[in-house]
Amino acid sequence: MKTAPAPLEIVAADGFELITADGRRLIDGMASWWSVCHGYGQPHVVEAVQQQLVRMPHVMFGGITHEPAERLASRLVTLLPGDLDHVFFADSGSVAVEVAMKMAIGYWQRHGKPTRNRFVAFDHAYHGDTTGAMSLCDPNRSMHASYGDAILTQRHCALPTDEVSTEVFARLLEQRRDTIAAVVLEPLVQGAGGMRFHDPETVARVRSLCDEFDVLMIADEIATGFGRTGTMFAIDACDVVPDILCAGKALTAGTMTMAVTVARQNVFDAFWSDHAEDALMHGPTFMANPLACAAANASLDLFETEPRVQQAREMEAQLRTGLEPCRDLPGVVDVRCRGAIGVIQVDRLPDVEQLRQRFVDAGIWLRPFGDCIYMTPPLNLPRELVDQLCSVVVTEVTRAFKEALAR
Ligand SMILES: *Cc1c(COP(=O)(O)O)cnc(C)c1O
């Protein structure tokens, strides 16, 4: 935008800090959009990628396989519950969602129900920026609203959090099941669509209604996966096994772009055939890129050797205490924390650009968005830096609202 200030030039990232061109160090409260789950420059990840770079930075994944991908796939299916046993490698989160959609549509085609090619998604959903994924985003509140009927029409409704919304959701599935391939959900935390939380019972309710009406369930764990909400995957806290699961963002510890779409046995079986036309035809050029796989394997090593998920769980209490003073500010609608996610929701943001600049001046990097000032720091951000993040946020948000009131 013409009116926006120039972007901040970052020349290096070290540990938990971004280093600006003019030599300042900022605590990264965003973990580069949820992805840098262990902080920057983790030696184990760097070494793994360096070694892979020398051995084989890339090879096509059609008719070829390689150890980094095989190992990663088998580790992911071990981490995931139930028979989520089949991994498709995509090159970004949005593409992983596209692949999930194609899997669901293809599943019903192969079961003789080609009209089941639409999706149910929820209000405030965000599932990515490619055209298929855009269609799943909340059509009214998303940044894609301006594309109008260039985007596929899907069904959206409120999350089934209470009796009334559950009834509406159930009726939608019942009446539209002949056209619906799957229900798509960000379990426990809806991210870019407003940083909204719901409880494990809601996720379980979605699963059981999908079962009742024989509709597939897709869990989009691109933001919530890899410890962010306090369990390895958000579904682990819900005791739910979706039919298809997408993960991305923190998969490679913020090193390389890669995501996965993982399918249960029943979905895989629909494509497992003697006939070429039954295969799932999708093959990104950089599918299962060995550098990205090496980074992801090294990241999973760190999840095994360090108490990363525990750290995310413990951060929740600290964020709660640290951000609590904001709750009483006029203009603050809600303060909520889950795992390594802290959110201050406001009724109207004070001058966002000014707030962001003041955060930078105070040594932290956060990017308020929509009606939220939120943080998603590296899961292992040391306690004193979590405190520093919170105290800068409390100070600057308080000051911004005070100034707004005085005007
Ligand atoms: C970020 C995100 C995506 C899109 O992933 P990209 O890698 O940005 O394409 C999809 N779904 C959710 C829930 C996300 O947070």
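Along the sequence shown, the residues carry numbers beginning at 1. Whatever order the structure lists ligands and atoms in, that order sets their numbers, starting from 1.
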Any idea which atoms of ligand 1 are less than 4.0 Å away from a heavy-atom of D220? 10 (C), 11 (N), 12 (C), 13 (C)
Look at the aromatic rings of H282 and F88 and report parallel, tilted or perpendicular, splitting at 30° and 60°. perpendicular
Ligand 1 to H127, heavy atom cutoff 4.0 Å, flagged ligand atoms 10 (C), 11 (N)
Give a yes or no on whether the backbone of C137 and the side-chain of H156 come within a donor-acceptor separation of less than 3.5 Å. yes
The criterion is side-chain contact (heavy atoms from CB on, under 4.5 Å); which residues satisfy it with A69, sequence neighbours excluded? F61, H66, F89, A288, C293
Which of the ligand 1 atoms, numbered from 1, are nearer than 4.0 Å to a heavy atom of S92: 7 (O), 9 (O)
Identify, by atom number and element, the atoms of ligand 1 in contact range of S94, meaning under 4.0 Å from any of its heavy atoms. 4 (C), 5 (O), 6 (P), 9 (O)
Is a side-chain donor-acceptor pair under 3.5 Å present for N380 with Q311? no
Heavy atoms, side chains only, cut-off 4.5 Å: are Q190 and M195 in contact? no
Salt bridge R207-D243, side-chain N to carboxylate O under 4.0 Å: yes
Please answer whether the main-chain N or O of E353 pairs with a side-chain N or O of D351 as donor and acceptor at a distance below 3.5 Å. yes
Among all protein non-hydrogen atoms, which one is nearest to atom 5 (O) of ligand 1, and what is the separation to 0.1 Å? G93 CA, 3.2 Å
What part of Y126 sits under 4.0 Å from ligand 1 if we count only heavy atoms: the side chain, the backbone, both or neither? both
Atom 2 (C) of ligand 1 sits nearest the protein heavy atom K249 NZ, 2.5 Å
Ligand 1 atoms nearer than 4.0 angstrom to some heavy atom of G128 are 4 (C), 10 (C)
If we only count N/O pairs under 3.5 Å, is V95 in contact with ligand 1? no
